[in-house]
Number of protein chains: 2
Amino acid sequence: MEFKQQEGVTLAEVAKAAGVGESTVSRVLRNHGSFTTKTRDRVLAAVQHLGYVPNRIAGTLASAGSRLVAFVIPSLSNIVFTDVLRGASATLEDHGYQAVFAVTDYDPEKEEALVASMLAWRPTAVMLAGYEHADGTVKMLRAAKCRVVEVLDIDGVALDLAVGFSNHAAGRESANFMLQRGYRRIGYVGHDLNRDTRASKRFASFCETLGAGGAPLADRQIHPGPSSVENGRIGLEQLLARTPDVDAVYFSNDDMALGGYFHCLSHGIMVPDDLAILGYNGLDIGRATPQRLSTLLTPRVTIGQVAAQLVVDDAPSQVIDLGFELIEGETA
Amino acid sequence: MEFKQQEGVTLAEVAKAAGVGESTVSRVLRNHGSFTTKTRDRVLAAVQHLGYVPNRIAGTLASAGSRLVAFVIPSLSNIVFTDVLRGASATLEDHGYQAVFAVTDYDPEKEEALVASMLAWRPTAVMLAGYEHADGTVKMLRAAKCRVVEVLDIDGVALDLAVGFSNHAAGRESANFMLQRGYRRIGYVGHDLNRDTRASKRFASFCETLGAGGAPLADRQIHPGPSSVENGRIGLEQLLARTPDVDAVYFSNDDMALGGYFHCLSHGIMVPDDLAILGYNGLDIGRATPQRLSTLLTPRVTIGQVAAQLVVDDAPSQVIDLGFELIEGETA
DNA sequence: AGATATTTTGGCAGCGCTGCCAATCGAAAT
DNA sequence: ATTTCGATTGGCAGCGCTGCCAAAATATCT
């Protein structure tokens, strides 16, 4: 079993070595079409001997499907997106697809540029976060003959496939939970909303629901940076400095909420009696803190799995709502 | 500006529309070779008009470099690997490369299979975690004419390029820190070491150094699962149940350490007086906890950046040690 | 055995693009 | 005006594989 693929062993060489035609080798390798056991063994022996690695670039060009799935995601630091990738990758690998990705940094223009360069690889599908895209992006995606999957948000009109849940409903449910628990002076601590449209949808519905419930938002503190534990800590500190009498705070997500929780821990603020905390996402860590974090669990991994399955099955256009689950922890 | 790329506009169609030859279009689009401003404008107008998206599959087959970089990583749940991806992706995107990834789940056999299917795309480079690979993987990688980058570990013999730091040194430094601080009954709480060879290297050196320092490991608790906050909490609980008199615990990483810290918080164990805690990785969250976590900061993002830069520059084979930094927090 | 199905096989034309080379063009030089 | 030389340009042969089709081999049936 020698490997000499220096400048690439080709299918033709394998064919010659096995004493069969090129198409026969191709059929054997893809296990497609008919051939006898004997020829198959001869071919496989030659493949083994030469260390042949099929060239999918050539294969794709000659046939059709690239079996490449492009992920154009806002960030790799946010667990939301890596969880979707995680959910999708196993399914894709099992079906012979390859995942390609690019990071937009929450920038619609960068997204457009990246979608363009992704399309150059003629992917089977492109997966994007949410519905808000630049005009050019939409145009390209419509023109391209690949599938499009918008994940993590279903509040809008899907281009083709969409898998996620309603961020509006999430904000609403969070607000209702707070109201039911009896909190009336509710604040919000969030990260840069211009960049995260899904967080801003949640916030909008949250406020609206609070208002309708007779307890309009008491105050808000938006940190002009990405979501992080540290920013959540700082955010809560600033909010409390300005409005000390809030009795509960809704955070843009669990990272921020943990920061707030830590602030309480180190300043002797009793949770939830002095201050209640509600997060969003349902991170694992929130289940291991001294008090379990109250939060809204989102089915991120499942979203990735379902999205990948739809692509693999070449399912018809549809929107799938996977919902979410309110976790009543011990912080609110 | 109409987009009708239904079954794919080709370069030939653009050429016809612009009234120039195919090679001219190709040259203009790649900004390579010479052409007049006038022809360039005509070509770009045609491209715009037809909504032409170059086909990189065909381009790659015809020329050479795929500008595809394959990442074969153990997991997407572990921030270590996503940070490397993050560091690499910006650099790669800037230079027209695309990142492709696949997840091995810490399984060497799966790694082998994934490397094989990655190689079918004729990537410019393959990035792997660490040095421990199946024989077949090594064979394939050597035979392939692509660059190979092993990241996150430099304790071993590199196949080609390696960027990371010494896990042995990390374990040693952690142990020395504990000894200097005066801890003598030191325990270890870790996750499945069979799967994470880098963590096991750290652990081995840690134990050795402790022994040499006259304070051999007091006890250990290995949780047979992935690293997580919850498993760290449980691990410490079990360790203390068996060996209550340890005065410090070294965790396999910050997730585990946080779990341990939370256990202390909720059981009135004073940190670091009753029990000192040392983590590993330098996660952001450790800087926002009530007490800053003592840990070893690893340059994960930088590793990704440097690795990508080496590939982009087609640098000669080399091993780059980016070191690490011991963070003296408030928990040890 | 002869004829008719059926399975197996090989040849070869592309897939869309790039690289090479020769042809053409234009401007500076004689 | 003629020559020279570099800047532009187009034609076309592949890159390695798959899909189609006809040929060859084998099996099945009168």
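Throughout, a chain's letter reflects where its sequence line sits, starting with A, and its residues are numbered from 1.
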Review point. Thr36(A) side chain N/O closer than 4.0 Å to the phosphate oxygens (OP1, OP2) of dT9(C)?
Key: yes
Practice item. Please state whether the phosphate of dT9(D), meaning OP1 or OP2, lies under 4.0 angstrom from any side-chain nitrogen or oxygen of Ser34(B). Key: no
Practice item. Kindly indicate whether a cation-pi arrangement holds for Arg40(B) with Phe35(B), taking the cut-offs as under 6.0 Å to the six-membered ring centre and within 45° of the axis. Key: no
Can you tell me the distance, in whole Å, between the [atom1] atom of [X] and the [atom2] atom of [N]?
X         : N       : atom1 : atom2 : answer
Lys38(B)  : dT9(D)  : NZ    : C1'   : 13 Å
Leu50(A)  : dG16(D) : CG    : P     : 14 Å
Asn55(A)  : dG14(D) : CG    : P     : 18 Å
Glu13(A)  : dG16(D) : CD    : P     : 9 Å
Leu61(A)  : dC17(C) : CG    : P     : 9 Å
His32(B)  : dT9(D)  : NE2   : P     : 15 Å
Arg42(B)  : dG10(D) : CZ    : C1'   : 13 Å
Arg122(A) : dT18(D) : CZ    : C1'   : 18 Å

Can you tell which of [options] lies closest to the side chain of [X]?
X        : options                   : result
Leu11(B) : dG19(D), dC17(C), dG19(C) : dC17(C)
Ala62(A) : dT18(C), dC15(C), dT8(D)  : dC15(C)
Glu22(B) : dC17(C), dT9(C), dT18(D)  : dC17(C)

**Study point:** Under 3.5 Å side-chain donor-acceptor pair for Thr39(A) and Thr36(A)
**Key:** yes
Exercise for review: Using the test ring-ring contact (aromatic ring centres under 6.0 Å, His included), find all partners of Phe101(B) that sit at least two apart in sequence or belong to another chain.
Suggested key: Phe101(A)
**Study point:** N-O pairing of Arg198(A) and Asp153(A) below 4.0 Å
**Key:** no
Review point. Can we say Asp41(A) and Lys38(A) salt-bridge, meaning some charged N sits less than 4.0 Å from an Asp/Glu carboxylate O?
Key: no
Point to revise | Any residue of residues 23-31 of chain B with a heavy atom less than 4.0 Å from an atom of DNA chain C | key: Ser23(B), Ser26(B), Arg30(B)
Check your understanding: Which part of the nucleic acid, if any, lies within reach of Thr60(B) when heavy atoms closer than 4.0 Å are counted: base, sugar-phosphate only, or nothing?
Key -> nothing
Review point. Does atom NZ of Lys110(A) have more than 12 heavy-atom neighbours, drawn from other residues, nucleotides or ligands, at distances under 6.0 Å?
Key: yes
Review point. Has the side chain of Asp192(A) got a donor or acceptor atom that lies under 3.5 Å from a matching backbone atom of Asn194(A)?
Key: yes
